[in-house]
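Here is the structure we will look at.
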Amino acid sequence: MSDSRHLQCLLSSLSRCRSLVHLQQIHALASKTGLDTDPLVAGKLLLLSAAILPDALDYARRLFSVVPSPDPFMYNTLIRGVSDSDEPPHHAFLLYSRMCRHSVPPDSFTFAFLLKAAANSKSLVLGRQVHSHSVRHGLDAHLFVGTTLVSMYAVCGRVASARKAFDDIPQPNVVAWNAIITAHFRVDDVTNAERLFDQMPWRNLTSWNVMLAGYTGAGELEAARTLFRDMPQKDPVSWSTMIIGFASHGHFDDAFGFFRQLLREGLRPNEVSLTGVLSACSQAGAFETGKILHGHMKKSGLSTVTAVANALLNVYARCGRIQMACQVFDREMGKKGIVSWTSMIAALAMHGHGDKAIKLFNEMEEHGLKPDGVIFISLLYACSHSGLVEQGYHFFHRMEDVYGIKHSIEHYGCMVDLYGRAGLLDAAYDFVMRMPIEPNAIIWRTLLGACSIHGNVGLAELVKKKLSELEPRDSGDYVLLSNIYAVAGKWKDVANIRRSMNDESVRKRPGWSSIEVDKVLYMFVANNECCSVKEEAYGKLMEILSRLRKEGYIPEITSVLHDIEEEEKEDAIAQHSEKLAVAFGMARMSTGSVIMIVKNLRICRDCHLVMKLISKVYEREIVVRDRSRFHSFREGFCSCRDYW
């Protein structure tokens, strides 16, 4: 076979290459025929390994190292690969330094890829250095470089610098316009984003989608709805943006509505839109809707897509159906990546199955998968919610000692939670004080929560002082300390807390609970305006509480305000949203069905007691997902073993 035929065969094979193993085979064939030094073949090999194939960047480096005199394309390709990877940005800049030392002239692609590396790490210092070098080479006003400059400054939160870079582009195209609009949305400057959108000389579909994403990200949902309605055309990104955007702000019914509208218009949901609506099901606890989507996934062939399968697993786990989540993991998932294992371990952790989570982690190791920092967060969470203090301590140290994974603030937070939930408050405080990094508000808030569980007033006051320095206007901190004082009978201090909240105009976050009945999602908010649904729920609740009192129920009113009458205290806790939700479920749902409730805050002691009594007296299974874990109530007992 002639060299030209060999070359054509190699290039054809490279165009079909989908894995590193296949690439290595093609490379071996090219070396055998002497075509590995052909600039076209060498460039294709490098491009595939550096920028296209997964887990092939090290191979790209080896290819690059044997090239005698790499040209700008080869340098740019490797810089691009490093910029798109999880590697530190300075690795890309080391390549640029080598490029300069060997007198290889940088071009617009060089600076664009370097700017992307700076943006990915949000390094304003590196970004400005690249900007300076691009000016020196006369490329700062180049359309590609200028647009990437706009994006880099936007990511780093410097909208004025982004605007200057935009203004320096002689003839900005639609991509540059989209970038500067995005820059304004990043700093919540909706007004100027709208003004720029109106000034655009021409728009493409991406321009409309940028506005949709900006509006939903800023919580301007009605503006997003109006824009979506007026769009000249829509693509899968448009639909996905609306579904995910509305779900992220708690508007689950709207998110489901957009998905149903997508189907009515005869469109096929893609991976992103399906993952988005499954995420809405997870957050809302919409089990029945999730089951319908599961059927749709099987029909459309998307059930084998890893991201969609992970989202489905999360739906079942967060809707209290841990066995169904296990079934998806064991039987329906094809290739399981680290995200799949993490999702399943997190699901077991949420349900208090710490031992099973540890067993699954060991099984993952046996499969040869290397854990990352995220999976250790789920593992430590599992230990803390199951009281496995020694095991949690073991895994925390194993992270660095065995796997070389550096502890993040989240891992330290898990350890504080581990000690705190177990009642080891002194150990938790000592751990915080010995942390090698500065504890943030979440760390101190976790410790304050532990003080609330175990009634440690002195430590709670000390912790609250730290929180006041970091986040003085967080309502949850005031409420926690107030409850600690109330349980301890320190009503004067409770009054002082209430006064401080009024003086600082701090508003308590409203508690809400949701329940899905006949595929319709109902939301209950404590002490909000009345409606027919709430009246029905309240009437049923009064009937339930009357029967529970005959069974010996005494309301837990120790944390309710001291300066109101006993009857008013009982009525105050009776109006908690999770009680209304469970009563509504009992009024509307068949006797054998599981009542699933989602609560945005931690369930209080009285509501927890009521759920246990209902499960015993009425022989009903109730599942409550509060902000930290699942509570499965059966026959008068809770799966948390009163440890939450």
Side-chain angles (χ1 to χ4, degrees), residues 50-51 57 70 72-193 195-196 206 210 213-214 217-218 406 408-409 437-438 440:
L57 189 56
F73 171 80
M74 289 187 160
Y75 272 105
N76 290 343
T77 301
L78 194 54
I79 290 171
R80 173 188 171 186
V82 173
S83 300
D84 288 337
S85 74
D86 294 329
E87 293 191 9
H90 72 265
H91 287 189
F93 291 88
L94 288 173
L95 283 165
Y96 174 65
S97 298
R98 178 177 168 180
M99 190 179 187
C100 294
R101 283 198 310 273
H102 287 82
S103 301
V104 179
D107 57 20
S108 59
F109 291 99
T110 312
F111 293 117
F113 295 143
L114 288 170
L115 286 166
K116 189 173 183 182
N120 286 345
S121 61
K122 296 186 178 179
S123 175
L124 183 62
V125 172
L126 290 175
R128 281 176 169 160
Q129 287 176 1
V130 180
H131 190 176
S132 175
H133 279 254
S134 69
V135 171
R136 197 180 307 160
H137 286 85
L139 290 167
D140 58 310
H142 186 282
L143 185 57
F144 190 25
V145 178
T147 302
T148 317
L149 274 169
V150 173
S151 298
M152 183 276 295
Y153 281 123
V155 168
C156 294
R158 296 296 194 272
V159 70
S161 299
R163 186 58 193 260
K164 186 177 185 309
F166 175 79
D167 291 338
D168 287 342
I169 301 172
Q171 292 182 310
N173 62 5
V174 69
V175 178
W177 279 94
N178 292 341
I180 190 61
I181 290 171
T182 302
H184 282 281
F185 272 126
R186 279 185 177 274
V187 294
D188 297 325
D189 185 2
V190 176
T191 303
N192 277 314
R195 188 176 294 126
L196 285 162
T206 302
V210 163
K406 190 177 180 182
S408 70
I409 194 74
I437 55 178
E438 191 71 24
N440 62 8

Heavy-atom closest pair, residues [X] and [Y]:
X: Ile169; Y: Thr147; value: CD1-N, 3.8 Å
X: Lys122; Y: Cys156; value: C-SG, 3.8 Å
X: Thr77; Y: Ala50; value: O-CB, 3.8 Å
X: Ile437; Y: Ser408; value: CD1-C, 4.4 Å
X: Leu149; Y: Ala165; value: CB-CB, 4.0 Å
X: Leu115; Y: Met152; value: O-CG, 3.9 Å

Which residues pass the side-chain hydrogen bond (donor to acceptor under 3.5 Å, both in side chains) test with [X], sequence neighbours left out?
X: Asp167; answer: Arg163
X: His142; answer: none
X: Arg98; answer: none
X: Asp140; answer: none

Worksheet item: Aromatic rings Phe109 and Phe144: how do their planes relate, parallel, tilted or perpendicular, breaks at 30° and 60°?
Response: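 Rings of Phe109 and Phe144: perpendicular, as their planes differ by over 60°.
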Discussion item. Checking His90 now: which residues fulfil ring-ring contact (aromatic ring centres under 6.0 Å, His included) with it, not counting sequence neighbours?
Written reply: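 None.
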Discussion item. Could you work out, with ring-ring contact (aromatic ring centres under 6.0 Å, His included) as the rule, every residue matching His131, not counting sequence neighbours?
Written reply: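 Once residues adjacent in sequence are excluded, the partners of His131 under the ring-ring contact (aromatic ring centres under 6.0 Å, His included) criterion are Tyr153.
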Discussion item. side-chain contact (heavy atoms from CB on, under 4.5 Å) for Asn120 and Asp86? Distances and angles first, verdict last.
Written reply: CA-CA 9 Å; Asn120 286 345; Asp86 294 329; over 6 Å; no
Point-to-point distance, once rounded to the nearest 0.5 Å, from [atom1] of [X] to [atom2] of [Y]:
X: Gln171; Y: Leu143; atom1: CD; atom2: CG; answer: 9.0 Å
X: Ser161; Y: Phe166; atom1: OG; atom2: CZ; answer: 15.0 Å
X: Ser134; Y: Asp107; atom1: OG; atom2: CG; answer: 12.5 Å

Worksheet item: Under the side-chain contact (heavy atoms from CB on, under 4.5 Å) criterion, do Met74 and Val104 qualify, and how do the steps go?
Response: CA-CA 11 Å; Met74 289 187 160; Val104 179; over 6 Å; no
Worksheet entry | Residue pair Thr110 / His137, side-chain heavy-atom distance below 4.5 Å |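 No; the side chains remain at least 4.5 Å from each other.
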Worksheet entry | Side-chain heavy-atom pair Gln129, Phe93 within 4.5 angstrom cut-off |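 Answer no - side chains too far apart.
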Discussion item. Pair Asp189, Val159 - check side-chain contact (heavy atoms from CB on, under 4.5 Å), show working.
Written reply: CA-CA 9 Å; Asp189 185 2; Val159 70; 5.7 Å; no
Practice prompt. Please lay out, stage by stage, how Thr148 and Phe111 fare under the test side-chain contact (heavy atoms from CB on, under 4.5 Å).
Written response: CA-CA 9 Å; Thr148 317; Phe111 293 117; over 6 Å; no
Practice prompt. Evaluate the ring-ring contact (aromatic ring centres under 6.0 Å, His included) criterion for residues His133 and Tyr96: first the C-alpha distance (whole Å), next the side-chain angles of each, then the deciding distance (0.1 Å), finally the verdict.
Written response: CA-CA 11 Å; His133 279 254; Tyr96 174 65; 5.4 Å; yes
